[in-house]
Every structure is written in structure tokens, then in C-alpha cells.
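Below is one structure, written out as C-alpha cells; comments come after it.
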Amino acid sequence: MSLATAPRPPPLLLPSKAINIPNPPSFDPHSRILISLKQCTHISQLKQIHALTLRSTSPYHPKTFFLYSQLLHFSSFLDFNYALQLFNQIQNPNSFMWNTLIRACANDVKNKDQAMRLYLEMLEQALVSPDKHTFPFVLKGCAYLFDVSEGIQVHAHALKHGFGSDVYVNNSLIHFYASCGFLDLAEKVFVKMPERSLVSWNVLLEGFVQFGKFNSALNLFREMRNTFDPDGYTLQSILTACAGLGAFSLGAWVHAYLLKKCDFNLSIDVFINNSLVDMYCKCGSLELAHQVFKRMPKRDLTSWNHMIRGFAMHGQAKAAIRCFHKMIRTERFRPNSITFTGVLSACNHKGMVSDGRLYFDMMVTDYKIKPALEHYGCLVDLLARAGFIDEALDLVSTMPMRPDAVIWRSLLDACSKKNSSVELSEELARQVVESEGDIGSGVYVLLSRVYASASRWDDVGSVRKLMTDKGVKKEPGCSLIEMDGVAHELFAGDTSHPQTKEIYQMLKVIDKKLESVGYSPDYSQAPMIDELNETKQHSLKLHSERLAIALGLLKLQP
């Protein structure tokens, strides 16, 4: 082994960053330097130690090689460029040194693309072979860059070098494929693993959750429970899946498990508690969400954002705004883009037009946050719903980005309810078509409402004929209700549920009770035909929410 050294060592730096170098007689220079390295916290200190190494050790001493590997290890955390310079001075670096530098690249956002370059250079030099530590670092870089083709090559190299059964390499492969959206390949690697760790399960769980495969995540979790107890990462993923499905029972079970079975530090972890707040909000239990939030010993900006958004989605606009003001005035948090999405959404839910304008201006003027499509969408929808369609259109015309189909549809929806001009509605419908390309039934239904409101029944018929000609069918509404940990999905007019007969009998009971107290249905928002006939009334009574409520009344406690 030899080390390429500079003819003159770099001078020692100012003593302000100096560290004590022990000098007991029983210690050789290598041991003293290793002890100093463990105390090193700043790159200037490390440079002093490097200079001392060059002056006081022989490049041919067997311990010097190990010493340089440790110098490289510590410098990789402090200054990547310095670590790279140091690495280039070492002749014939071993696999630990290559792995150290590749790991530094994989962990540094600015240098992740260098991980693959170094790996290829390692293969090209062919002086050392990659080991089981090399592949996870390289795959991490590929995952961050979504570099699928090179990641697949690394997978092939891992198999070629005999690491097809290694649990660490396979965990990294699952993470790589899941991060790139190839969940089928991630699951394939997982299934073939002869041995799995808790990390193996967690990585696949996280992949399912990341791409909205919530049912798959819950099924995997139930299978995992036969082998491993969940840890904090598991619970966080499952809480996110429960939030996505509205699975209150399982989410509450996770909360109870956390309090009874887990370490106290985990039960007060801010990330876990943020997930609990989000889960309870999305599962309909605002009260429990608020309890968790109030009891958190420490809150971050995400905690406040979840709570503001929770109040907003439950129609508690004033509570959302009070929470916002407490966050910025009492707790001194600086709001971000997500915060204002929640605040504007709260204003939208309650039709608070003046407040919506105020907070939009506050976001731009006071906090210098550049509005995103979501912020414009909230304000446009708020203005349009309140009848300020011209102002909403003016706002759309000044947007720095192209409006998406959601914004155009919200305007079209408002036009259909506010009896706006047919010509404007037709133009908005055209914009939806241009934005979406392959559109669903929603825009046709909205346009037919506009024509029906104007008593243009021939045009209503033309829209329905156009839907038939294009093979577009009206997408049925869908509602979910959770019972005993199972989410039941019901569609408008659904007859596929095993308890359909009982559900429809309960609907008749509901209708009779509503009639007995003088309730009269509002059919104004469904004028697809010019006569209110029995068929139309019957179809509207089979709305998916009515079916879900009927099932709930049948099976759940009062």
C-alpha cells in the first residue's frame, strides 16, 4: 500500500478550532490520531489532523492505511469535496473506502448523481469487488434520481456477485423499485426473499402508502403481524393508510397500541402524533384529532397545518382561522404554502369571500409566498360559488400558470347553479375538454344542467346523444362507510352489496320518516329532463350517500 502525498503538508490552522491531541507515552502516533478523529466536529480540525498524519506517519506503515480510511470516513460527513480530494490521494483504495465515498454521494442531495459514477469507476478499475454494503448506497442514489435503467443494472450486478439472498441488498432493491413507482417489481423482490427483516416489511408498506395502495398496505400489515411487532415507521405508514381509507377502527387500534405497547418516547414523537392528527381528521373524528393535537408536548409546522386543514374539511372555518392566528401570533411559526391552502379551503367551505381575499393577499404580500395552482383553485371556487363569476374569471386570466381542468370545472359548476349565460358555460366546457383531453362524464352533466336551467331541452338531448355516441357513461357517485374495521364502498343505485335488500328496505323507512316531518326533496340540481317523473325521483333516492347512511343505520350502534 502506498499513499500519494503532497511535497509539503498544509499548515496547521488557527488554534480557535484546535483540539487536544493526547500524547501518553504508551500511544503510537496512529492511536493518538485515531482518538483525535473521534473528537473531530469541524472540517478545520480534520484538516489539522490530516496535516499531522502526513508529517508523523509513514505511508508504508500497515496502520496508516486504516488511518486514512478513518480520515476519509470522517471527512465524508464534514466536506464531500475534501473527502474526494483525500480519496484521490489514496492508491489502491479498498472496498470500505469506495463504499464510504459512494455513501457520502448517496446521502448528499447535490452529489447523488456521483454515486453511480463512482460505482462504475470502481468496476472499471477492477481492483476490488463491490460488497453487500456497496449496492444499498448505489441503489439509494438511483432511487432519489428515479434512474430506473441504471438501478436495474445494479440489480443485475448484485445477482451476479451472489447477493441475491442478502437481506440488506434486497431491502434496498424494494426501496428503489417502490420509490420509482414499480410496486409490482418491489413486491416481487419481497416475495422472493428467503429471509426478511422488519425493514423489509416497512419499506414495502411505505411504497404502497406513497402510491395510494392503502388496502394493499393494510393487508401487508396484517400479514406482517404474524412475524414482527410494528415499530414507529410501521405505525406511521399504517396511520397514513387509515387516513386514506377513512379506516377509523384500525387507526384507533394503532393509537391504543402506541400508548400501551410502545416506548414513551415514541408515543410523544412529533411525526407519529402528526400522523394521528391527520388520521382522526380524515376519519371524521375532529374531536379526537384536537385532543391529540392539544396533548402534544412538541408541535412543528406540520402539526398546525394538519389541524388547520382538519378544521377546514369539517366546515369549522372560524376554528381553522383561530388556529392559524394562534400559530403565527402565539407560537411564532411562519406559515408556508400548505398552511394557506388549509386557510383558503376553510374560507371556501363556509363561503367567506372577504376573508378568502384577505388571506390570499396576506400570503402574497406579508409572507412573500408565490401562489400555486391549489391556492388559485381555492379562491376561484370560493368566488364562483358566491356568484362573483366575473371576478373569478379575472383571477383566472391573471394566473401565471395554465388553469387545470379542476378550475374550469368549478367555474362551469358555478355557472350551472347561478344561471349564467349559456355562451359562457359552453366556453368553459370547451376549456375543460382542452385541459383534460379524454374527459369523463362530469363536464357533460354540468353542461346539460346549464341547458336545462335555460329550458333548452333539445340541447340537453344533444348532450345525452353525444355522450352515447362517444361511449361516455355517467360515472356513479361513490360513498364509503366503515364498520368493524371494514370499509364498505357503495355506488349510486348499487345492487351488488350482500345486504342490498335490507338497505333498500331501510331507505323506505327513512323516506317515510322524512315525509312525516314535512321534508320535501330538492330536485333542482338534476334537471336532465324537462319533466319530473317517477323514474327520476327514484334514481335520486338511490344516491350513494343515502345507501351508505342506510347501511350504517342498519348495522352500527345509535
Q | Listed once per pair and sorted, the side-chain hydrogen bond (donor to acceptor under 3.5 Å, both in side chains) pairs that draw on residues 387-397, sequence neighbours left out | A | R357-E391

Q. What pairs meet the side-chain hydrogen bond (donor to acceptor under 3.5 Å, both in side chains) rule with one or both residues in residues 212-224, with sequence neighbours excluded?
A. N219-R222

Q. For R385 and D381, what are the C-alpha separation, side-chain angles and deciding distance, and is it a salt bridge (Lys or Arg N to Asp or Glu O under 4.0 Å)?
A. CA-CA 6 Å; R385 283 171 183 265; D381 195 41; 2.8 Å; yes

Looking at [X] and [Y], what are the two nearest heavy atoms and their distance?
X	Y	value
N273	S267	ND2-O, 3.0 Å
A217	A241	CB-CB, 4.2 Å
C281	G310	SG-CA, 3.4 Å
I268	P297	CB-CG, 3.8 Å
A106	G141	CB-N, 4.2 Å

**Q.** Pairs flagged by salt bridge (charged side-chain N to carboxylate O under 4.0 Å, His left out) wherever residues 326-345 is involved - sequence neighbours left out
**A.** none

Under 3.5 Å, which donor-acceptor pairs do the side chains of residues 244-257 form with other protein atoms, sequence neighbours left out?
{"residue": "S249", "atom": "OG", "partner": "E482", "partner atom": "OE2", "Å": "3.2"}
{"residue": "H255", "atom": "ND1", "partner": "Y280", "partner atom": "OH", "Å": "2.9"}

Q | Ring-ring centroid check F340 F324, cutoff 6.0 Å | A | yes

Q. Does the ring center of W201 lie less than 6.0 Å from the ring center of F190?
A. yes

Got a sec: does the [atom1] of [X] have more than 12 other heavy atoms crowding it under 6.0 Å?
X	atom1	value
Y233	OH	no
L84	CG	yes
F211	CZ	yes

Q.
Just to verify, what does Y376 make a ring-ring contact (aromatic ring centres under 6.0 Å, His included) with, not counting sequence neighbours?
A. F360

Q) Of all residues at least two apart in sequence or in a different chain, which pass the ring-ring contact (aromatic ring centres under 6.0 Å, His included) check with H314? A) none

Q | Pair K282 + D278: basic N to acidic O under 4.0 Å | A | yes

Q | Test item: T330 side-chain N/O and M327 main-chain N/O as donor-acceptor pair under 3.5 Å | A | no

(Q) Is there a side-chain contact between I328 and Y367 in this structure, where contact means two heavy atoms from C-beta onward sitting under 4.5 Å apart? (A) yes

**Q.** Minimum side-chain heavy-atom gap H375-S337 below 4.5 Å
**A.** yes

Q | Stepwise side chain to side chain contact (heavy atoms under 4.5 Å, CB included) check, R299 with N274 | A | CA-CA 8 Å; R299 304 184 192 106; N274 286 347; over 6 Å; no

Within this structure, what is the [atom1]-[atom2] distance for the pair [X] and [Y], rounded to the nearest 0.5 Å?
X	Y	atom1	atom2	value
I238	L258	CD1	CG	13.5 Å
H543	L490	NE2	CG	12.0 Å
M399	D404	CE	CG	7.0 Å
C142	L173	SG	CG	10.0 Å

Between the side chains of [X] and [Y], is a donor N or O closer than 3.5 angstrom to an acceptor N or O?
X	Y	answer
T339	N336	yes
S197	N171	yes
K140	N107	yes
H306	R309	yes

Q: Go through V270 and S303 one step at a time and tell me if the side chain to side chain contact (heavy atoms under 4.5 Å, CB included) criterion holds.
A: CA-CA 8 Å; V270 67; S303 316; 3.9 Å; yes

